[in-house]
There are 2 protein chains.
Amino acid sequence: MADELLSPTDALAQLSFAVLGMLERRAAQHDLSMAQVRLLGVLRDRTPTMNELARLMALDKSSVTGLVERAERRGLVLRVPSVTDRRSVLVRLTDVGSEMVAQAARHFDADMAGLLSLLPVRDRGVLTGLVSRLLVAYANQHGVNLFATATEAAPGIPASPR
Amino acid sequence: MADELLSPTDALAQLSFAVLGMLERRAAQHDLSMAQVRLLGVLRDRTPTMNELARLMALDKSSVTGLVERAERRGLVLRVPSVTDRRSVLVRLTDVGSEMVAQAARHFDADMAGLLSLLPVRDRGVLTGLVSRLLVAYANQHGVNLFATATEAAPGIPASPR
DNA sequence: TATTGTTATACTCTATAACTATA
DNA sequence: TATAGTTATAGAGTATAACAATA
C-alpha cells in the first residue's frame with residue numbers, strides 16, 4: 001500500500017494543470033485558443049456589448065477588439081450595432097460558433113467523466129461535492145457568483161498581466 | 001440548506017481556473033508570466049541543456065531561446081557552455097531566480113492553504129487525499145510521473161497550439 | 001464632458017524554416 | 001550527415017495611449 005500522497009498544494013495545482021490541459025487540447029482540436037474558448041463560452045448565454053464583454057472577461061477593451069475581430073473573421077461571432085446607443089456594438093455567437101462551443105463542451109464533459117472514473121464510484125460524488133462546497137464558500141467570500149457552465153469560467157484568471 | 005451543487009465538469013473546471021488564477025496572480029506580483037514561472041519551476045531541481053529544457057516544457061527549442069533570453073536579461077537564469085559538448089548550453093537558476101521561485105512558491109502555498117480553510121477541517125484531508133489518488137491513477141494510466149513541485153507542473157499543458 | 005469602440009504601438013509567447021557550429 | 005542552438009519571420013494575445021463618434 002504505497003500511500004504516496006501529494007501535498008495539498010501539489011494536489012490542487014497538478015489537478016488544475018491536468019484539467020485545463022484537457023480543455024486546451026479539446027480547444028486545439030477545434031483550432032481554438034483558450035482565449036477564443038473563453039470568448040465563445042461567455043457568449044453562450046449572453047449578447048453583451050464590447051464593453052460588457054471586456055468586463056466579463058477581465059480584459060482591456062482594446063484586447064477584446066482583436067479577440068472578437070479574429071473570431072468574426074472565422075465566422076464564429078457577429079457584431080451587431082446597438083439600436084439604443086449608436087456608440088455600442090453587440091456581440092453574439094453565430095450558429096457555427098454556437099455549435100462549436102457546444103461540441104467542445106460535450107467533449108470536455110466526457111474528459112471530466114473519464115478522469116473521475118479513475119476513482120472508485122463511491123468517491124466520485126464525495127470529491128465533486130467537496131469541490132462544489134469549496135467553490136460556493138469561495139464565491140461567497142469574494143462576492144462572486146458561480147458561472148453556470150465550465151467553459152464560461154475564467155473570469156477568475158486575470159489574463160496574464162505583462 | 002440550499003444544496004446547490006455544481007456538475008462534476010463545472011466543479012473541476014472552476015476549481016482549476018480558480019487555482020491557476022491564484023498562481024498567475026502570485027506570479028504577476030513578481031512580474032512573472034506563467035511561462036516564466038514554468039521555466040523557473042523546471043529549473044528548480046535541474047540544470048538542463050536548452051534541448052532538454054524544450055522537451056521538459058513541451059515547447060519548440062526556438063521558443064525556449066526567447067524564454068531563456070528574457071529570463072537571463074532579468075538576471076533570473078544563466079547560460080553556461082557545456083564542457084562535454086561544445087554545441088550545448090546549460091541553463092541554471094541564479095541566486096536571484098532561485099529566491100524568486102522559492103518566494104512565489106511560499107505565497108502560492110499560503111493561497112492553497114487559505115482556499116482549503118474554507119472547508120471544515122475534517123474535509124480538507126479527504127479532498128486532497130482523493131485528488132492525490134486521482135492524480136496517481138491518472139499518472140499511472142499515462143505513464144507519466146508526477147512532478148515534485150507545483151510550479152514545475154504544466155508539462156500536462158501543451159502550451160497553446162496554433 | 002463622459003463613454004464606446006477602434007487604432008497605433010509595443011511586448012510576450014509561440015511556431016516553422018533556415019542557418020551556423022559542432023559532433 | 002545529424003544534432004544543438006540561434007535567427008528570421010509570422011501570428012495570437014495582451015496592454016497603454018490617443019483618437020473619433022456618440023451620448
Side-chain angles (χ1 to χ4, degrees), chain A residues 21 24-25 27-28 30-42 47-74 76-91 154-155 157-162, chain B residues 21 24-25 27-28 30-42 47-74 76-91 154-155 157-162:
Chain A
E24 192 160 8
R25 278 188 284 277
H30 297 274
D31 205 40
L32 293 173
S33 66
M34 285 297 283
Q36 292 289 324
V37 167
R38 284 188 62 204
L39 171 64
L40 301 188
V42 168
T47 303
T49 65
M50 293 294 286
N51 218 22
E52 289 163 348
L53 196 48
R55 183 179 43 74
L56 286 166
M57 300 186 70
L59 293 176
D60 189 84
K61 53 185 179 165
S62 66
S63 303
V64 175
T65 294
L67 212 49
V68 168
E69 198 275 331
R70 290 184 289 273
E72 192 174 31
R73 207 189 302 153
R74 289 180 55 180
L76 303 178
V77 307
L78 269 181
R79 275 180 172 99
V80 185
S82 166
V83 291
T84 59
D85 185 337
R86 300 220 312 268
R87 294 172 303 179
S88 291
V89 178
L90 303 176
V91 185
I157 282 197
S160 193
R162 59 153 319 118
Chain B
E24 194 160 8
R25 278 187 284 278
H30 297 273
D31 206 39
L32 293 173
S33 66
M34 285 297 282
Q36 292 288 325
V37 167
R38 282 189 63 205
L39 171 63
L40 301 188
V42 168
T47 304
T49 65
M50 294 292 287
N51 217 24
E52 290 163 349
L53 194 49
R55 184 178 44 75
L56 286 165
M57 299 186 71
L59 293 176
D60 189 85
K61 52 185 181 166
S62 67
S63 302
V64 175
T65 294
L67 213 50
V68 168
E69 198 276 331
R70 290 184 289 275
E72 192 173 31
R73 208 190 302 151
R74 289 180 55 180
L76 302 177
V77 308
L78 270 181
R79 276 181 172 100
V80 184
S82 166
V83 290
T84 59
D85 185 337
R86 300 221 311 270
R87 294 171 303 181
S88 292
V89 178
L90 303 176
V91 186
I157 283 197
S160 195
R162 66 150 307 117

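Labels below follow one simple rule: chain letters A, B, ... track the order of the sequence lines, proteins then strands, and each chain is numbered from 1. Computed from a predicted model, the values in this text were never measured in an experiment.
Of all non-hydrogen atoms in Q36(A) and L67(A), the two that sit nearest each other are NE2-O, 3.4 Å. Taking every heavy atom of both residues into account, L40(B) and V77(B) meet most closely at CD2-CG1, 3.9 Å.
Nearest to the side chain of R86(B), among dA23(C), dT14(D), dA15(C), sits dA23(C). Among the nucleotides dT12(C), dT14(C), dA15(D), the one closest to the side chain of A35(B) is dT14(C).
Within the nucleic acid shown, E69(B) has no heavy atom closer than 4.0 Å to any nucleic acid atom.
Checked against side-chain contact (heavy atoms from CB on, under 4.5 Å), R79(B) has the following partners two or more places apart in sequence or in another chain: M50(B), T65(B), V68(B), E69(B), E72(B), V89(B). Residues passing the side chain to side chain donor-acceptor pair (under 3.5 Å) test with T47(A), sequence neighbours excluded: none. Judged as a side chain to side chain donor-acceptor pair (under 3.5 Å), and not counting sequence neighbours, the contacts of R87(B) are D85(B).
Residue whose closest nucleotide on DNA chain D sits further toward the 5' end, between T84(A) and L67(A): L67(A).
For L59(A) and dA15(D), the CG to C1' distance is 10 Å, given to the nearest whole Å. Between the CG atom of L76(A) and the C1' atom of dA12(D) there is a distance of 15 Å, rounded to whole Å. Rounded to whole Å, the distance from CZ on R38(A) to P on dA12(D) is 18 Å. For the pair R70(B) CZ and dT7(D) P, the interatomic distance rounds to 13 Å; values are reported in whole Å. Per the geometry, CG belonging to L32(A) stands 19 Å off P belonging to dT14(C), to the nearest Å. With rounding to whole Å, L40(A) atom CG is found 15 Å from dG13(D) atom C1'. M57(B) places its CE atom 15 Å from the P atom of dG5(D), with the value rounded to the nearest Å. In this structure, CG of D31(B) is placed 14 Å from P of dC11(C), rounded to the nearest angstrom.
A heavy-atom distance below 4.5 Å is not found between the side chains of V64(A) and V91(A).
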Using distance only, find each side-chain donor-acceptor pair of residues 53-62 of chain B under 3.5 Å and give its atom names and separation, not counting sequence neighbours.
unit_1, atom_1, unit_2, atom_2, d
D60(B), OD2, S62(B), N, 2.9
D60(B), OD2, S62(B), OG, 2.7

Review item, nucleotides 2-9 of chain C N/O atoms under 3.5 Å of protein N/O:
unit_1, atom_1, unit_2, atom_2, d
dT3(C), O4', R87(A), NH1, 3.4
dT3(C), O2, R87(A), NH1, 2.7
dT4(C), OP1, N51(A), ND2, 3.3
dT4(C), OP2, N51(A), ND2, 2.7
dT4(C), O3', S88(A), OG, 3.3
dG5(C), OP1, M50(A), N, 3.4
dG5(C), OP1, V89(A), N, 2.8
dG5(C), OP1, V89(A), O, 3.4
dG5(C), OP2, N51(A), N, 2.6
dG5(C), N7, K61(A), NZ, 2.7
dG5(C), O6, K61(A), NZ, 3.1
dT6(C), OP1, R79(A), NE, 3.0
dT6(C), OP1, R79(A), NH2, 3.4
dT6(C), OP2, T65(A), OG1, 3.0

